[in-house]
Protein chains: 2
Amino acid sequence: MKDNEAAEKPEEYMPLREVVFLTLRRQILRGELKPGERLMEIALANRLGVSRTPIREAIRKLEHDGLVVMIPRRGAHVAEITRQELCDVLEVRKSLDVLAIRKANEFMTGKDLKNLRAAGEAFAVLVTQKNADLSMLGEADEHFHEMIYQGTGNRRLIQILGNLREQMYRFRVEYLKDKDIRQTLVEEHDAIVEALEKRDVEEAVRMIELHIDNQYSAINRALDQ
Amino acid sequence: MKDNEAAEKPEEYMPLREVVFLTLRRQILRGELKPGERLMEIALANRLGVSRTPIREAIRKLEHDGLVVMIPRRGAHVAEITRQELCDVLEVRKSLDVLAIRKANEFMTGKDLKNLRAAGEAFAVLVTQKNADLSMLGEADEHFHEMIYQGTGNRRLIQILGNLREQMYRFRVEYLKDKDIRQTLVEEHDAIVEALEKRDVEEAVRMIELHIDNQYSAINRALDQ
DNA sequence: TATGCGAGTCTTGTATACAAGATGTGCACA
DNA sequence: TGTGCACATCTTGTATACAAGACTCGCATA
């Protein structure tokens, strides 16, 4: 996604609206800004030390990403995520992740697969560490999946899947707390990599489906508490 | 999508940014604003009789929809659509349309199916008319598919598919010119409705896949000219 | 006590002013 | 003639001013 690209090149000029956008997004995804919380332009502008203009433009982008909801003349608030919406997102994601695996199987080179395996192992190493930072774990997991997406060569698919995954970051911290789940994730990643290495696409598809289904159960369990 | 909802309720207050957004979007989709054309804020503001503020916010939304591309400090221009991107979009759409058909088969009631059949027939009637308006044809076709999407009950899926279809409106006028293609569309719609009525989901999936594949070929042929 | 009205305040919507980077042009100089 | 630099202009980025709708809260009245 373009915003991530921007974040990867800190030497480049970045408009304030991008900075504000990234800041607010991070705060929403981390739960520092809670669902339902009002986003008042003047308050945000004062807090971030900018004027209302970049705040407003950042909010437009957040709205588009589904992270905030706007009501005309009444302002913006952080979007609530209902269980139904989570279910909807995961259903779409499952379908597209299957497409991604098929395309990745088609296009990823041996070198790509080596990098993917490395990404899976990097995540596994973090899982073995007792006091690993949850947000680092999340990023490592994200990196693994992002490599598969990149392997598809379909930019639109990459963009949509990135966006859908983003919706779930808000739950990530919750379900990553469970250590059993972490170990399961490692094993599933491994199974995916192995299937791709064997070019056994149907097995890879089964594994990614299982991976998403498990994620669904895990998040639902976390929500039940 | 929320913008369409806004358009459906003209009695409601609509911020200028929405008006500008809808205006520019229509002009881009209709080809009145051509790919690569620069969108200069002051010029647009003068032309539409508003200030730069709503223009800027509308451009942010268009950027998000992929209809315009922004380069920091250099402004926005109408996005080019390459054949590769078209291919990418259709690939994602095919995957999600299959999901939509499966969900629609699961959730659409007999009444929903009757409405769907009516929508298919409305399109068919327009096709028989010799001098039918292309944009009306396009809207009827859109309506047919939208009904399937609505039948899924998955709001996220509806939103994403709506967005993807939008990307193709820019080609719609081209490929709908071909009268043979119109007849093919009618037959395919019919086959989809019948399969759903018989609750033969695998047949419905085959038909929607064929439908998208044919659309892909048709647009590619139109582009070749 | 409950309800309705209204002034004051808060917040968003829109316009405009100002700052600074990007571009284009013409002239000087090699 | 070609290259490069400086200045003028254009355009976007950001801040601020002003307009108008939405909300709050208290008071008056039934």
Side-chain angles (χ1 to χ4, degrees), chain A residues 2-3 5-7 9-25 27-28 33-65 67-79, chain B residues 2-3 5-7 9-25 27-28 33-65 67-79:
Chain A
K2 113 194 102 358
D3 307 311
E5 284 169 20
K9 300 172 189 169
E11 75 282 10
E12 279 187 12
Y13 166 79
M14 200 191 290
L16 281 184
R17 62 170 176 273
E18 286 298 313
V19 179
V20 173
F21 170 73
L22 292 173
T23 304
L24 293 180
R25 189 178 65 155
Q27 293 182 345
I28 292 172
L33 288 169
K34 300 216 180 332
E37 188 166 340
R38 275 188 80 183
L39 295 175
M40 280 182 298
E41 297 170 3
I42 298 174
L44 289 174
N46 292 338
R47 184 149 69 79
L48 301 179
V50 300
S51 78
R52 281 175 59 211
T53 309
I55 300 282
R56 287 176 65 82
E57 297 187 358
I59 287 177
R60 298 289 163 271
K61 299 187 69 165
L62 291 167
E63 183 192 11
H64 182 259
D65 281 359
L67 292 176
V68 316
V69 174
M70 284 226 40
I71 303 169
R73 290 205 174 277
R74 294 223 237 145
H77 56 266
V78 179
Chain B
K2 103 196 115 350
D3 307 311
E5 283 168 20
K9 300 170 187 169
E11 74 281 11
E12 280 187 12
Y13 165 79
M14 198 192 290
L16 282 185
R17 61 169 177 273
E18 285 299 312
V19 179
V20 172
F21 170 72
L22 293 173
T23 304
L24 292 181
R25 189 178 65 154
Q27 292 182 345
I28 292 173
L33 288 169
K34 301 216 181 332
E37 190 167 339
R38 274 188 80 180
L39 295 175
M40 279 182 299
E41 296 169 5
I42 298 174
L44 289 174
N46 292 338
R47 183 148 70 78
L48 301 178
V50 300
S51 78
R52 282 174 57 209
T53 309
I55 300 282
R56 286 176 66 83
E57 296 186 358
I59 287 177
R60 298 289 162 271
K61 299 187 69 165
L62 291 167
E63 182 191 11
H64 179 261
D65 281 0
L67 292 176
V68 316
V69 174
M70 285 227 37
I71 303 169
R73 290 206 174 275
R74 292 223 238 146
H77 57 266
V78 179

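Letters A, B, ... mirror the listed sequences (proteins, then strands); counts begin at 1.
Pairing each heavy atom of A:Arg74 with each of A:Arg38, the nearest pair is O-NH2, 3.6 Å. Here the shortest heavy-atom pairing between A:Ala58 and A:Val20 reads CB-CG1, 3.5 Å. Taking both residues in full, the closest heavy atoms of B:Ala79 and B:Pro35 are given as O-CB, 3.8 Å, listed atom of the first, atom of the second, then distance.
Contact annotation: B:Arg74 side-chain N/O to D:dT11 OP1/OP2 distance is not under 4.0 Å.
As a whole-Å value, the separation of B:Met14 CE from D:dG21 P is 17 Å.
Nearest-nucleotide assignment on DNA chain D puts the 5′-proximal partner with B:Arg38, out of B:Arg38 and A:Thr53. For the pair A:Pro54 and B:Ile42, both in contact range of DNA chain D, the more 5′-proximal nearest nucleotide belongs to B:Ile42.
Between B:Val68 and the choices B:Glu63, B:His77, B:Arg25, the side-chain contact (heavy atoms from CB on, under 4.5 Å) rule is met once, by B:Glu63.
Residue contacts shown for A:Arg17 are limited to sugar-phosphate atoms, with no base heavy atom under 4.0 Å away. Contact annotation for B:Leu39: backbone-only contact, meaning every heavy-atom pair under 4.0 Å involves sugar-phosphate atoms and none involves a base.
Applying the side chain to side chain donor-acceptor pair (under 3.5 Å) rule to B:Arg52 yields the partners B:Glu41; only residues at least two apart in sequence or on another chain are considered.
The CG atom of A:Leu24 sits 12.0 Å away from atom CG of A:Asp65, with the distance rounded to the nearest 0.5 Å.
On the nucleic acid side, DNA chain C has its first and last nucleotide under 4.0 Å of a heavy atom of chain A at C:dT11 to C:dT14, going 5' to 3'.
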